[in-house]
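Note that the structure is predicted; figures quoted are calculated from it, not measured. In what follows, chains carry the letters A, B, and so on, assigned in the order in which the sequence lines appear, proteins first and then strands, with residues in each chain numbered from 1.
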There are 4 protein chains.
Amino acid sequence: MDTRAISPEPSPWLPFESRRRARDEKREAVLRTAVQLFLEQGYHRATLNGVAERLNITKPALYNYFRSKEDILFECWSIGQERVEDRISETDAMPGSGLLKLRNIVGTYAGIMASAFGASLVRFNVSDLSEPNRKVTLAGKRRIDRAFRGYIRQGIADGSIEPCDIKLTAFAILGALNWIGHWYKPDGDLTPDQIAEDFSVRLTAGLAKRPQKKKARKPA
Amino acid sequence: MDTRAISPEPSPWLPFESRRRARDEKREAVLRTAVQLFLEQGYHRATLNGVAERLNITKPALYNYFRSKEDILFECWSIGQERVEDRISETDAMPGSGLLKLRNIVGTYAGIMASAFGASLVRFNVSDLSEPNRKVTLAGKRRIDRAFRGYIRQGIADGSIEPCDIKLTAFAILGALNWIGHWYKPDGDLTPDQIAEDFSVRLTAGLAKRPQKKKARKPA
Amino acid sequence: MDTRAISPEPSPWLPFESRRRARDEKREAVLRTAVQLFLEQGYHRATLNGVAERLNITKPALYNYFRSKEDILFECWSIGQERVEDRISETDAMPGSGLLKLRNIVGTYAGIMASAFGASLVRFNVSDLSEPNRKVTLAGKRRIDRAFRGYIRQGIADGSIEPCDIKLTAFAILGALNWIGHWYKPDGDLTPDQIAEDFSVRLTAGLAKRPQKKKARKPA
Amino acid sequence: MDTRAISPEPSPWLPFESRRRARDEKREAVLRTAVQLFLEQGYHRATLNGVAERLNITKPALYNYFRSKEDILFECWSIGQERVEDRISETDAMPGSGLLKLRNIVGTYAGIMASAFGASLVRFNVSDLSEPNRKVTLAGKRRIDRAFRGYIRQGIADGSIEPCDIKLTAFAILGALNWIGHWYKPDGDLTPDQIAEDFSVRLTAGLAKRPQKKKARKPA
DNA sequence: TATGAATGAGGATTCATTCAT
DNA sequence: AATGAATGAATCCTCATTCAT
């Protein structure tokens with residue numbers, strides 16, 4: 001996802017203007033601006049000064065909302081992660097076959113990946129986080145992996161998915177999805193919805209169990 | 001690709017040893033060590049001191065072989081890129097259907113992605129490169145995209161591949177492949193060859209043109 | 001004087017409580033808390049936020065009572081200094097020999113040194129004060145020196161003290177006394193009174209003129 | 001010890017001059033300059049830039065010799081501490097009565113206190129050190145206390161010192177000595193030797209056991 | 001070719017202080 | 001009288017890079 005061309009986030013600190021929005025709103029604005037800049041320039045090249053400038057405030061003001069630059073980074077990741085986990089929870093709670101659930105999560109995940117916070121999940125470097133945060137991050141990644149594998153496993157069990165190597169299948173699907181975070185451009189000719197719709201079919205089509213009648217066609 | 005557990009690169013500057021290897025060999029050793037460290041810690045957290053230490057030399061010595069840290073980064077990327085382009089050239093020269101060529105490139109690309117220099121292609125941040133190098137890099141990425149799309153297009157033309165959205169198909173395949181650079185661990189239970197073999201089938205299976213019985217729609 | 005174990009100063013801003021005490025009382029509370037913190041952590045490590053927190057108020061509220069952090073520092077010192085000067089005045093006004101006066105001031109000074117404001121006199125760094133305040137401080141220190149020397153001189157004159165090097169004698173006594181400010185712990189096994197009583201004898205014993213019988217040996 | 005008037009330390013980095021002295025010599029020069037500045041301005045007000053400037057080098061150059069500002073502070077303290085402990089070791093090894101040993105250590109300690117590194121022991125703030133260093137420092141202080149008390153105890157045991165409160169006696173003596181670190185001025189009219197000689201007598205005179213003629217009560 | 005030493009540039013962070021509310 | 005928010009100034013520290021040897 002190349003965000004360079006994006007129109008700048010509106011700042012709640014618009015100069016010479018009402019500066020009275022709620023604290024949480026400002027916090028969020030910081031995050032939106034920061035994630036943008038981190039994606040554009042990379043975490044290390046992006047400076048807090050840069051973030052502050054885009055917000056029409058000064059660098060130390062950021063410290064009213066975050067304890068450190070890393071804190072901001074981690075929050076960006078967290079937001080993306082939370083969005084994904086919410087969808088996983090929803091999907092878990094869904095009725096239906098494993099294949100159906102997989103299709104569902106693929107579509108929603110694709111949509112998330114086309115957002116800045118979603119891209120955080122794959123564009124930021126885990127080794128830029130402190131040990132405790134890194135642990136949380138890795139645990140989150142594992143949970144996502146596990147969820148995808150779970151749907152596939154369920155699908156195989158319930159007969160909706162052709163038996164296959166679960167691990168590699170999950171890797172292939174997640175790879176295709178995560179890659180969105182690298183190539184998606186908000187100003188491109190594909191909308192997140194289009195991508196979501198397409199991928200939810202494309203990435204699961206090969207997995208569906210084919211009718212056991214006479215002949216079976218090539219699976220994936 | 002987590003490279004932390006990898007056995008350290010042997011150093012041509014091993015202390016108390018003959019130090020008279022060819023210049024190019026040393027240059028390569030620097031690159032091998034650097035790419036390793038960059039992957040482990042990220043480009044910015046990795047320091048030239050760290051690279052030098054692993055090589056039993058001192059930081060300024062590196063400047064005998066490279067003009068700057070970025071130069072090293074770019075070279076790492078270049079090696080990966082070259083490997084891919086070599087395979088693309090071979091594939092281009094191959095006889096056979098588009099599907100066959102796609103299968104071929106997928107397999108070899110997967111193998112490359114499971115190497116440190118291959119992972120460079122997707123783990124390093126383009127915005128850490130200077131303008132000229134960035135241009136080269138982006139051009140390289142485009143060539144890879146184009147190659148993949150080309151094989152798909154050829155496959156559709158020659159009837160080996162079911163008609164589909166070329167761009168999204170290529171993105172999905174490349175995503176699955178590039179993701180290898182993030183999850184592959186040299187000490188894991190999958191060898192690069194196994195991955196290559198599996199993916200060359202897995203990622204292309206859904207594309208093959210199905211027998212013309214009546215009508216089929218399933219792409220991907 | 002380690003003050004870490006001291007029970008926290010009661011705050012006139014106790015939350016959910018009457019907040020209507022007199023201004024001076026609050027001012028004093030700030031000083032008591034500040035001096036405590038300054039002694040615990042050192043003037044520079046202690047922050048106004050820290051002071052405010054212990055008082056259940058916010059940092060800017062402190063500025064209702066003091067113009068600056070240095071102002072607070074200077075006031076702490078001033079209180080200690082005033083206490084000493086009061087005792088000096090009393091002692092000056094006392095009837096009796098130089099030795100007697102010296103004993104008196106040593107005892108009271110020891111008691112003061114075992115208090116937080118007394119310790120301020122020797123634990124804070126003069127160079128943390130602005131020029132005008134520094135001058136006042138140094139003048140104060142000189143007045144104390146002069147007072148001690150005066151008593152010794154008077155004692156020598158009135159025959160209560162054996163002739164000796166006045167300056168070094170004063171330094172030795174003041175050193176022993178000031179050191180109290182560094183080692184005294186409110187929760188230790190020595191009360192300020194015990195220290196005062198002991199030191200008033202200990203530090204002056206060697207000075208007393210010995211009976212002129214035949215020969216006298218050098219005292220201290 | 002006010003060092004403001006002191007002639008500046010000669011710098012091994014004299015500009016436009018031979019810059020080829022041994023590493024250790026430079027390290028020492030940094031320490032000499034730093035301790036000077038720390039004493040003049042206080043640890044926090046003194047900046048590494050200030051230290052570097054006096055040495056005709058730049059700030060980062062200091063990091064060739066020390067890991068951090070605190071590291072420098074701790075080294076300064078260590079040098080002073082080592083000097084004292086060396087003298088304590090010598091004194092321990094000395095033959096003679098407890099009183100004699102006490103006199104000896106008082107004299108040498110006084111001399112050390114009149115040096116910059118000696119003054120470090122009492123002018124720097126323990127709470128400016130990191131936890132590990134602070135522990136070392138406090139342990140050092142305790143060893144000094146213990147040594148002084150040991151000599152007094154020995155003196156009482158061997159009859160050279162009149163029985164007395166060992167702890168308070170030691171505090172009084174150490175206080176007088178440590179205070180030197182605050183008032184001594186290299187350009188004053190007292191040399192370290194004079195102070196040492198005077199204090200070695202002055203601070204121990206009152207302790208000597210008086211001839212058992214009839215009965216004596218005099219404490220210290 | 002290699003190194004020890006030094007530097008310049010830059011960034012995160014802290015904190016006293018101010019100001020509008 | 002009190003506060004939340006913001007700021008400006010300052011400092012430590014890191015590191016790629018250079019240079020004399």
- Message: Below the 4.0 Å mark, does E:dT1 have OP1 or OP2 next to a side-chain nitrogen or oxygen of B:Asn64?
- Response: no

- Task: Identify which nucleotide among F:dA1, E:dG4, F:dA6 has an atom closest to any side-chain atom of B:Thr58, counting heavy atoms from C-beta outward.
- Result: E:dG4

- Got a second to check how far B:Glu53's CD is from B:Leu37's CG, nearest 0.5 Å? 9.5 Å

- Message: If the cut-off is 4.0 Å, is D:Arg23 near the phosphate of E:dG4, judged by side-chain N/O to OP1 or OP2?
- Response: no

- Message: Checking ring-ring contact (aromatic ring centres under 6.0 Å, His included) between A:Tyr43 and each of A:Phe124, A:Phe38, A:Trp77, which is the one that passes?
- Response: A:Phe38

- Minimum side-chain heavy-atom gap A:Arg23-A:Lys26 below 4.5 Å: no

- Is F:dT14 paired to anything, Watson-Crick or G-U wobble with both distances less than 3.5 Å, and if yes, which nucleotide? E:dA9

- Let me know the distance between CZ of B:Phe66 and C1' of E:dT1, rounded to the nearest Å. 15 Å

- Does any nucleotide pair with E:dA20 by Watson-Crick or G-U wobble geometry, both distances under 3.5 Å, and what is it? F:dT3

- Message: Rounding to an integer number of Å, can you tell me how far A:Glu53 CD sits from E:dG11 C1'?
- Response: 13 Å

- In whole angstrom, what separates C:Asn56's CG from F:dT3's C1'? 15 Å

- Query: Rounded to whole angstrom units, what separation is found between the CG atom of A:Leu55 and the C1' atom of F:dA5?
  - Reply: 14 Å

- So, A:Asp71 side chain and A:Arg67 main chain: donor-acceptor pair closer than 3.5 Å or not? yes

- Say whether, by atom type as modelled, one donor and one acceptor occur between the side chain of A:Glu75 and the main chain of A:Leu31 under 3.5 angstrom. no

- Query: Rounded to the Å, how far apart are D:Leu62 CG and F:dC15 P?
  - Reply: 17 Å

- Rounded to whole angstrom units, what separation is found between the CD atom of D:Gln41 and the C1' atom of F:dT11? 14 Å

- Message: Rounded to whole Å, please give me the gap between CD1 in C:Ile57 and P in F:dA2.
- Response: 7 Å

Write down the protein N/O and nucleotide N/O pairs, taken from nucleotides 15-19 of chain E, whose separation is under 3.5 Å; answer none if there are no such pairs.
| from | atom 1 | to | atom 2 | distance (Å) |
| --- | --- | --- | --- | --- |
| E:dA16 | OP1 | C:Lys69 | NZ | 3.2 |
| E:dA16 | OP2 | C:Leu48 | N | 3.3 |
| E:dA16 | N7 | C:Lys59 | NZ | 3.2 |
| E:dT17 | OP2 | C:Tyr63 | OH | 2.8 |
| E:dT17 | OP2 | C:Lys69 | N | 2.8 |
| E:dT17 | O5' | C:Tyr63 | OH | 3.2 |
| E:dT17 | O4 | C:Lys59 | NZ | 3.4 |

- Message: Pair C:Ile72, C:Val51 - check side chain to side chain contact (heavy atoms under 4.5 Å, CB included), show working.
- Response: CA-CA 11 Å; C:Ile72 298 180; C:Val51 174; 5.7 Å; no

- Check the side chains of D:Asn125 and D:Ser127 for a donor-acceptor pair under 3.5 angstrom, ignoring hydrogens and angles. yes

- Verify the contact: side-chain N or O of D:Tyr65 to OP1 or OP2 of E:dG4, cut-off strictly under 4.0 Å; return yes or no. no

